[in-house]
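A short worksheet on the structure shown next.
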Amino acid sequence: MLRGTVMDAGTDFSATKAQFDLPAGVIYLDGNSLGPLPEGAAERVATMMREEWGQRLIRGWNDAGWMAAPERIGDRIAPLVGAAAGTVTMGDTLSIKMFQALAAALDLRPERKVVLSDDGNFPTDLYMARGLIDTLGRGHELRIVAPEAVEEAIDDSVAVLMLTEVDYRTGRLHDMARLTAKAHAAGALAVWDLAHSAGALPIDLAGAGADFAAGCTYKYLNGGPGAPAFIYVAPRWADVARPALSGWLGHAAPFAFDLDYRPGAGVSRMRVGTPPIIGLAALDAALDVWDGVRLADIRRASIALCERFIAEVEARCPALTLASPRDPAQRGSQVSFRHPQGYAICQALIARGVIGDFRAPDALRFGFAPLYIDEADVLAAVVVLEAVMSEALWDRPEYRTRARVT
Ligand SMILES: *Cc1c(COP(=O)(O)O)cnc(C)c1O
């Protein structure tokens, strides 16, 4: 019956699963928020610290390739997001890279004043947009509509369409190609946030014609807490985009120490200051896990895992309401359920080794990364969730106290 055929038997991820150091007794369904530690990363960082930093000291900037690391690692991210080599660089955090991308895009449409986004966007993107608008002081407007209303709201007043492809709360997936084409037809530019897409599903930035994009590397790419972000600039803008945060390492000749700023060639102008070499070393090792992995296989397996999870939870936990789109084609690699006691339920699950997370006001969120999660994990997680729900194991005061990070 359906059950047997839903799972994808075609791809075996046991080799990638073996590369993760998950604690015993834990089912990790929160890799959409912080990917787990790939075994090679701890070793790589230790070696980098001892041999490169320790022994080469400042010579490492040249001898160990530290200065070139942002572009070299950008070229490893590029195929995961459908970008050509030389169009992605690394550094800073996603909030900062979104600020730069939006600033550069607004500059390319100086006669227009509207930034269009949606209310499913992650707040930092909206905060950064507001901050930029205030700093510019040129009368821009941040127009926020419902995700379903975005397409219709694209008109010739819009300078930049700024969207997150996968909604962090519900997993709802925007159609990047279609919305980008619509933006372009209206004379606007499109800036995409790939936080919950990179490593979760196939992305085709070049094919979709995206103008700018940025993403973090600590979610599905497993680069570690605070891992450096990436930014993509379409080749047609690479040599005209103004980076806004015009730091010395985006300068054409940083070590000429000119008093005047001259942006560097291509995407490198989006670099700001000294790159985070230790974080880049961890990320570099984490990207080794992707060697030989096809995103189409990830997507197929992720859909199978999410479908199985939804079917089991709906059959066994009737008090939980699906908050994610039911159609897998409209969903990223995460599934959310609503419940008024979502926070306490989440804490009860974590206490029993099933790690998901909670997003206010009432969403229990579970991420499914086929690199290290399989069908057995899904079924074991549902057994725990069913017990938590049917026996009201969440109903204890200590599960209601909100921690600083939820
Ligand atoms: C996780 C996330 C961020 C986080 O930004 P940081 O600067 O890395 O803290 C930004 N945008 C979206 C859509 C996210 O999901």
Side-chain angles (χ1 to χ4, degrees), residues 29-36 70 73-74 77 81 88-103 105 115-132 142 144 147 150 160-174 176 179 190-201 203 205 210 212-232 244-245 270-273 275-276 279-280 282-283 286 323-324 331-336 356-360 363 365-369 404-406:
L29 305 181
D30 212 3
N32 52 307
S33 203
L34 175 66
I73 294 174
I77 302 274
V81 296
V88 176
T89 193
M90 313 298 300
D92 315 297
T93 70
L94 177 51
S95 304
I96 288 172
K97 270 13 213 175
M98 285 303 289
F99 181 95
Q100 276 185 292
L102 179 58
V115 177
L116 178 64
S117 191
D118 71 47
D119 61 16
N121 206 344
F122 193 81
T124 200
D125 295 37
L126 303 176
Y127 303 160
M128 294 307 277
R130 285 215 170 88
L132 173 63
L142 176 59
I144 300 174
V150 166
V160 177
L161 175 66
M162 180 190 78
L163 294 174
T164 294
E165 188 185 19
V166 176
D167 185 304
Y168 73 104
R169 263 190 302 223
T170 64
R172 181 211 23 79
L173 176 64
H174 271 311
M176 183 190 292
L179 292 173
V191 174
W192 288 95
D193 181 331
L194 305 177
H196 292 277
S197 330
L201 61 154
I203 302 167
L205 285 175
F212 296 88
C216 50
T217 60
Y218 50 78
K219 292 174 180 165
Y220 291 96
L221 296 177
N222 313 306
F230 65 87
I231 184 166
Y232 163 83
L245 299 174
M270 291 298 177
R271 288 174 62 160
V272 182
L280 285 168
L283 174 60
S324 299
R331 214 168 51 215
S333 198
Q334 66 188 61
V335 173
S336 300
D357 64 19
F358 171 77
R359 286 295 174 263
R365 191 172 69 152
F366 304 94
F368 296 89
R404 185 160 174 184
V405 174
T406 63

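Counting starts at 1 for both ligands and their atoms, in listed order. When a residue number appears, it is its place in the shown sequence, counting from 1.
The shortest N or O to N or O distance between Asp125 and ligand 1 is below 3.5 Å. Note: an N/O pair closer than 3.5 Å links Asp193 and ligand 1 by distance alone.
Within the listing of ligand 1, atoms 2 (C), 12 (C), 13 (C), 14 (C), 15 (O) sit less than 4.0 angstrom from a heavy atom of Ala195. Close contacts of ligand 1 with Thr164, meaning ligand atoms under 4.0 Å from a residue heavy atom, involve 13 (C). Within the listing of ligand 1, atoms 5 (O), 6 (P), 7 (O) sit less than 4.0 angstrom from a heavy atom of Ser95. Shown in contact with Tyr218 at under 4.0 Å from a heavy atom are these atoms of ligand 1, numbered in order with element: 1 (C), 4 (C), 5 (O), 6 (P), 8 (O), 9 (O).
Ligand 1 is approached by Lys219 to a heavy-atom distance shorter than 4.0 Å.
To the nearest 0.5 Å, atoms CG (Asp119) and CG (Asn121) are separated by 9.5 Å. Summarising the geometry, atom CE belonging to Met98 is positioned 11.0 Å from atom SG belonging to Cys216; distances are rounded to the nearest 0.5 Å. Here the CG-CZ distance, from Leu94 to Phe122, works out to 8.5 Å after rounding to the nearest 0.5 Å. Taken from CE in Met90 to CD1 in Ile231, the straight-line distance is 11.0 Å, to the nearest 0.5 Å. Here NZ of Lys97 is found 14.5 Å from CG of Leu194. Values are rounded to the nearest 0.5 Å.
The backbone and the side chain of Leu94 each have at least one atom closer than 4.0 Å to an atom of ligand 1 (non-hydrogen atoms only).
Of all heavy-atom pairs spanning Leu280 and Pro275, the tightest one is CD1-CB, 4.0 Å.
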